[in-house]
Every structure is written in C-alpha cells, then in structure tokens.
Amino acid sequence: MLVCDGCGQPLSSEAAAAAAAAGRHPRRTHPGRQPRCPLRAAAPGCDELRRQVEAAPPEPGPAGAECPLCGKAAGRELEAHVRARHGRLLGAPGTDTGNGEQLYECPMCSLTCTNIQILEEHVDLHLEEQGFSEGGNIRDLELAQRLQMEEDKWQRSEEEKREREEFKKLQRQYGLDNSGGYKQQFLKNMEREVDRGRMQPFEYHKRKAEMMECLAFGIDDGKTKTSGVIEALCKYYQNENKDVRRVWLSTGVDHFHSSLGDRGWGCGYRNFQMLLSSLLQNSLYNDCLKDTTLIPSIPKIQSMIEDAWREGFDPHGASHFNNRLHGSKAWIGASEIYSLLTSLRIKCQIIDFHKPTGPMGTHPRLFEWVLRYYSTDNEGGAKVVCTSKPPIYLQHQGHSRTVVGIEEKKNKTLCLLLFDPGCPSQEMQKLLKQNSDGTSLKLLQKFVGSLKKKQYQIVAVDGVLSLEEKAARCHASQVLTSEKIP
C-alpha cells in the first residue's frame with residue numbers, strides 16, 4: 001500500500017505518490033479530506049491554509065504537541081519544525097535558496113551558508129578567535145603586572161641606594177665614617193702641605209713630634225689660642241663706639257680656632273675649650289675643675305664625654321655615637337656639652353629656641369634672653385659692664401659659636417658678640433691692637449637679622465652642683481629635656 005509521506009494517509013495510485021513526493025498535495029489525492037492548519041483547528045483549504053500558517057503568531061507549541069504533517073513530536077519547537085521540515089508544503093519564504101538548498105545563518109555574524117559542516121567550522125573559528133583574544137588579554141595583563149612589579153622593585157632598589165649614599169654622606173659629614181680622628185687628619189693634612197711645598201720636611205717632623213707629645217698628655221698645644229680679646233674689647237668700648245648705649249661682656253675668654261687636625265668638624269670642641277678657659281679663670285669653679293687645670297686636647301675632650309656617658313648621662317645621645325667618640329671626627333652639640341659639664345658638677349641648662357619668634361625667620365627672643373643673662377645682677381649705670389658671667393655655648397645646625405657679650409645700641413637694637421672657631425688667629429689678633437678703628441669688631445657682631453637658622457640651642461652655665469644634685473641630673477638625663485622658648 002502506498003502511503004503519503006506528508007500526511008501518512010493511503011494513496012490511490014503511484015501518480016498520486018509521485019505528486020505528493022514532488023510537493024504537490026492536491027485535494028484529490030485524498031478525496032473527501034480537507035487539509036487542516038497545523039497551528040489552528042480549522043480546515044480552510046490549501047490556499048487559505050497557507051495564509052493562516054504564515055499569519056499565525058510565533059507562539060511555541062505546547063509541550064508534547066505532534067506535527068500534523070509527519071506525526072513526529074516536536075514539543076515547543078513545533079513551529080520551527082514545521083517551517084524547517086515542511087516549508088516547501090507551506091511555501092514559507094526565506095528558508096531555502098529557491099533551488100531546494102537549506103540556508104544556515106551564523107549566530108555570531110551575518111554570514112549564511114548551505115552546508116552545516118562549513119557553518120560549524122566557521123563558528124569554531126569564531127570561538128577560537130574569541131578564546132585567543134581573551135587569552136591575549138590575560139597575557140597582556142600578566143605582562144603589565146610583571147613590568148609594574150619590576151618597575152616597583154627597581155624604584156625600591158634606587159631608593160635604598162640613595163638612602164645608603166645619603167647615610168654615608170651624613171656619616172662623612174658628622175665624622176662617623178671610621179676614617180680616623182684628630183691625629184690621622186692632622187698628619188694627612190701636614191703631608192699634603194709638604195707635597196704642595198708649603199711645609200718643609202723638617203717642620204713636618206717637628207710638628208708631628210709636638211702633636212704626639214700633646215696627645216700623650218691630653219692637653220691642647222695652644223697654637224690656635226688668642227688671649228686678651230675681652231680685655232681689649234672693654235677698653236675699646238670705653239673710649240670709642242659712640243652709637244653703643246651699653247655693652248655687657250663675659251669674664252675673660254680665650255679664643256680657639258680649628259687646626260689641621262679638626263678643620264671641618266671640631267667647632268663644638270673648640271667652643272668647649274673657650275668656655276672652659278673662662279671657667280678656669282673663675283675661682284667659683286676651682287673645686288669642680290681641680291683635675292682639669294689645663295685646656296684639654298680634642299681627643300681628651302672626646303674621652304671626657306665618653307666618661308660622662310659611662311656615668312649614665314644621656315644614654316640616648318650616647319647610642320647615637322655608638323658610645324664612642326675617641327678616634328673619630330664626630331660632631332658634638334649642646335647635649336654633649338651639657339653632659340660633660342654636668343659630669344664635672346658644673347650647673348648648666350639647655351635653652352631651645354626651637355622656632356623663629358620674629359619676622360623674616362629671626363629670633364629676637366634669643367637676643368632678649370642673652371641680655372637678661374648678662375644684665376641680671378649687673379644693673380649699674382656704667383656704659384661697659386665686665387660681668388663675672390661665663391660665656392654661652394650657641395649651637396645651630398652645622399655650626400656652633402660662643403657668645404661673649406651683647407651690645408645695646410642707642411636705638412634700642414641688640415647685637416651679640418660672638419667668638420667663632422672658624423675665625424683664624426690672625427684676624428682675632430687684630431682686635432688686640434690699641435689703635436683699632438673698630439673694623440675688626442665686625443667679625444664678632446651679629447644683629448638680629450644675621451641669625452636666621454630655623455633653630456638655636458644654648459648651653460648657659462650658672463654655678464656648681466652638689467654630688468646629690470649631680471646624681472639627680474644624671475638620672476633626669478635618661479630622657480634629656482630642655483627649656484623651650486617660646
């Protein structure tokens with residue numbers, strides 16, 4: 001029995017079967033049977049059937065629905081099944097090329113083709129390209145991260161290198177680079193003088209022997225000392241300088257300047273020698289200084305500071321120098337001077353002018369403090385007041401000097417008188433000349449506008465300490481403090 005492939009009904013003849021196979025399914029093939037719409041429950045005839053199918057809304061069929069043309073279940077994809085399998089019966093446009101070939105559209109681009117295998121290969125290319133792009137993005141990200149890590153590592157390395165160089169520079173600057181101390185620098189500079197023809201070999205050996213002898217006894221050789229300057233200033237102010245209303249001078253002070261052995265780093269030690277030279281002339285301090293009758297050499301002063309540290313003074317400051325000064329070119333400051341003086345039972349204090357107190361970064365409060373220091377207990381009417389006050393140690397970043405007096409001008413301005421260890425003896429000795437016109441005095445004068453460092457510290461001496469007071473100050477120096485102004 002012949003059966004229609006389209007509807008499954010018996011066919012009357014082979015001609016009808018051929019017609020059905022060719023896509024022609026006339027009503028006479030199945031007499032008395034009206035074609036039904038596969039999407040609606042109606043039997044309007046072939047032409048009407050085609051219009052209804054084409055006009056039917058694109059709703060998916062119910063689950064388990066059966067194709068009315070072939071009887072194969074298509075589920076919710078019934079409409080797509082009918083258009084794909086039976087489109088020729090319905091005349092649905094756009095499903096083939098017009099010559100019976102099926103068209104397949106790429107879901108990722110607008111390409112259409114008639115071979116499903118070619119389409120699959122085409123889609124695979126899309127997927128491979130996408131995967132490569134994503135993988136490439138991942139590799140690019142990894143590369144960027146690696147390059148950034150290398151850049152960060154390089155920057156850290158450069159920063160550490162700069163820090164090491166800066167640290168070494170500071171070590172050299174402050175004499176902590178283990179390059180030797182006073183003795184080594186003295187010999188090296190004398191050798192350089194001989195090489196340049198400025199010193200004869202016999203003089204080199206003579207001065208070397210003198211230096212070794214002084215170092216052995218721990219005393220200064222006195223070759224950089226200038227005495228009598230305070231006395232010369234007292235006479236000068238009494239006879240000259242009409243613009244000065246009053247002037248206060250400290251007790252006698254010897255000036256010491258840097259030598260071949262300490263040039264560039266010895267200012268703190270030289271200022272201590274100046275202060276000590278004044279204290280040795282004051283009988284109030286005889287008992288404190290009974291073991292120090294002569295001005296000590298710089299290496300000896302270094303050993304004295306180390307002794308103060310061993311007694312327990314300023315352990316934090318000692319650790320900064322690794323508890324060692326002797327044999328180095330280490331700079332010292334107000335803290336080391338305070339520890340040394342206190343260990344000798346000399347009463348002193350640190351005053352910290354930690355920020356400017358006037359316009360343009362000046363420190364008028366510093367000048368006012370010095371004026372009170374010298375003028376207290378010296379309120380007489382004399383123009384020149386030679387006090388019994390010791391000089392003042394003055395420290396700022398990179399240098400230190402010694403205050404030996406203060407001027408009060410007729411216009412009420414103040415002017416400090418400073419001994420600078422950087423000033424050579426030849427210049428200081430000009431102040432000793434009786435016929436001085438005051439020009440050399442400018443070496444000592446510093447007005448308010450001349451001191452513009454960010455911070456200044458002074459160490460001022462004010463009497464002697466008992467043993468109990470010394471012990472109390474030693475304990476207090478575990479955390480060394482100062483009086484801050486303002």
Side-chain angles (χ1 to χ4, degrees), residues 225-241 244-256 270-296 334 337-338 340-351 366-395 400-408 414-421 428 431-432 441 444-446 457-466 469-470 473 483:
K225 181 176 74 171
T226 302
S227 302
V229 176
I230 298 297
E231 293 77 7
L233 290 175
C234 184
K235 293 179 181 179
Y236 171 78
Y237 281 112
Q238 288 174 344
N239 301 321
E240 304 292 341
N241 217 318
V244 176
R245 177 176 174 269
R246 297 189 73 183
V247 60
W248 290 265
L249 298 173
S250 68
T251 190
V253 185
D254 294 333
H255 176 269
F256 290 83
R270 294 300 183 181
N271 284 303
F272 176 75
Q273 289 177 331
M274 296 185 206
L275 176 56
L276 187 61
S277 72
S278 179
L279 297 177
L280 287 172
Q281 298 178 45
N282 192 327
S283 60
L284 177 63
Y285 302 97
N286 285 348
D287 186 57
C288 300
L289 302 174
K290 60 184 178 181
D291 296 328
T292 310
T293 57
L294 297 173
I295 300 297
I337 298 298
Y338 173 86
L340 176 52
L341 290 172
T342 307
S343 71
L344 297 173
R345 292 198 301 112
I346 297 173
K347 184 180 180 181
C348 59
Q349 60 178 329
I350 301 176
I351 312 297
L366 168 62
F367 285 70
E368 295 167 4
W369 194 96
V370 173
L371 177 62
R372 286 194 301 273
Y373 172 81
Y374 281 112
S375 62
T376 301
D377 302 329
N378 295 284
E379 292 294 342
K383 175 184 177 182
V384 182
V385 182
C386 296
T387 73
S388 60
K389 295 280 190 178
I392 301 171
Y393 180 93
L394 175 65
Q395 178 76 51
S400 59
R401 287 169 281 191
T402 298
V403 182
V404 298
I406 186 169
E407 295 178 352
E408 183 184 23
L414 299 176
C415 176
L416 295 182
L417 300 175
L418 303 180
F419 278 6
D420 191 333
M428 294 299 296
L431 295 166
L432 303 178
L441 189 62
L444 311 182
Q445 293 174 323
K446 297 297 176 184
Q457 291 181 329
I458 62 175
V459 180
V461 173
D462 186 24
V464 297
L465 297 170
S466 65
E469 289 173 328
K470 173 186 172 180
R473 293 204 173 198
E483 178 184 345

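Keep in mind that what you see is a predicted model, and the values were worked out from it rather than measured.
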| How long is the span from the CD1 atom in Ile295 to the NZ atom in Lys225, to the nearest 0.5 Å? | 7.0 Å
| message | Which heavy atom of Gln445 sits nearest to which heavy atom of Tyr237, and what is that distance? | response | NE2-OH, 4.4 Å
| field | Check against side-chain contact (heavy atoms from CB on, under 4.5 Å), Leu441 and Glu407 | value | CA-CA 12 Å; Leu441 189 62; Glu407 295 178 352; 4.0 Å; yes
| said: Using modelled atom types and a 3.5 Å cut-off, is there a donor and acceptor pairing between side-chain atoms of Lys470 and backbone atoms of Thr342? | reply: no
| Just how far is it from atom OG of Ser283 to atom CG of Leu289, taken to the nearest 0.5 Å? | 11.5 Å
| field | Least distance between heavy atoms, Gln395 atom then Ala334 atom | value | OE1-N, 4.0 Å
| note | To the nearest 0.5 Å, atom CG of Leu371 lies from atom CG of Leu416 at 10.0 Å
| said: If the threshold is 4.0 Å, N to carboxylate O, is there a salt bridge linking Arg245 and Glu408? | reply: yes
| field | Min side-chain heavy-atom separation Cys415-Lys446 under 4.5 Å | value | no
| said: Between Tyr373 and Ile458, does the side-chain contact (heavy atoms from CB on, under 4.5 Å) criterion hold? Intermediate values first, please. | reply: CA-CA 12 Å; Tyr373 172 81; Ile458 62 175; over 6 Å; no
| task | Answer yes or no: is there a donor N or O on one side and an acceptor on the other, between the side chain of Ser278 and the main chain of Leu275, under 3.5 Å? | result | no
| Do you know the tightest heavy-atom contact between Ile346 and Cys288? | CG1-CB, 4.1 Å
| message | Can you give me the closest heavy-atom contact between Tyr374 and Pro390, atom names plus distance? | response | OH-O, 3.9 Å
| query | Which distance, rounded to the nearest 0.5 Å, do you find between the CG of Asn239 and the NZ of Lys383? | reply | 8.5 Å
| query | Taking Ser277 for the side chain and Asp254 for the main chain, is one N or O donor matched with an acceptor at less than 3.5 Å? | reply | yes
| request: Check Pro296 against Leu276 and note the closest heavy-atom contact, atom names and distance. | output: CD-CD2, 3.4 Å
| field | Closest heavy-atom pair and its distance - Cys234, Val384 | value | SG-CG1, 3.9 Å
| Just how far is it from atom OG of Ser375 to atom CD of Glu368, taken to the nearest 0.5 Å? | 11.5 Å
| message | Assess the residue pair Met274 and His255 against the criterion (side-chain contact (heavy atoms from CB on, under 4.5 Å)); give the C-alpha distance rounded to whole Å, side-chain angles, the decisive distance to 0.1 Å, and a yes or no. | response | CA-CA 6 Å; Met274 296 185 206; His255 176 269; 3.8 Å; yes
| Donor-acceptor contact below 3.5 Å, side chain Arg473 vs main chain Lys347 | no
| field | Donor-acceptor pair, side chain of Thr251 and main chain of Lys389, under 3.5 angstrom | value | no
| field | Sole candidate of Val247, Val403, Val229 that passes side-chain contact (heavy atoms from CB on, under 4.5 Å) when paired with Leu417 | value | Val247
| side-chain contact (heavy atoms from CB on, under 4.5 Å) evaluation trace for Leu444 with Met428 | CA-CA 9 Å; Leu444 311 182; Met428 294 299 296; 4.2 Å; yes
| note | Rounded to the nearest 0.5 Å, the OH atom of Tyr338 sits from the CD atom of Gln457 at a distance of 13.0 Å
| said: Quick check: do Tyr393 and Val461 have side-chain heavy atoms less than 4.5 Å from each other? | reply: no
| field | Under 3.5 Å: donor-acceptor pair, side chain of Arg345, backbone of Ser466 | value | no
| Can you tell me if Tyr285 uses its side chain to pair, donor with acceptor, with the backbone of Gly463 under 3.5 Å? | yes
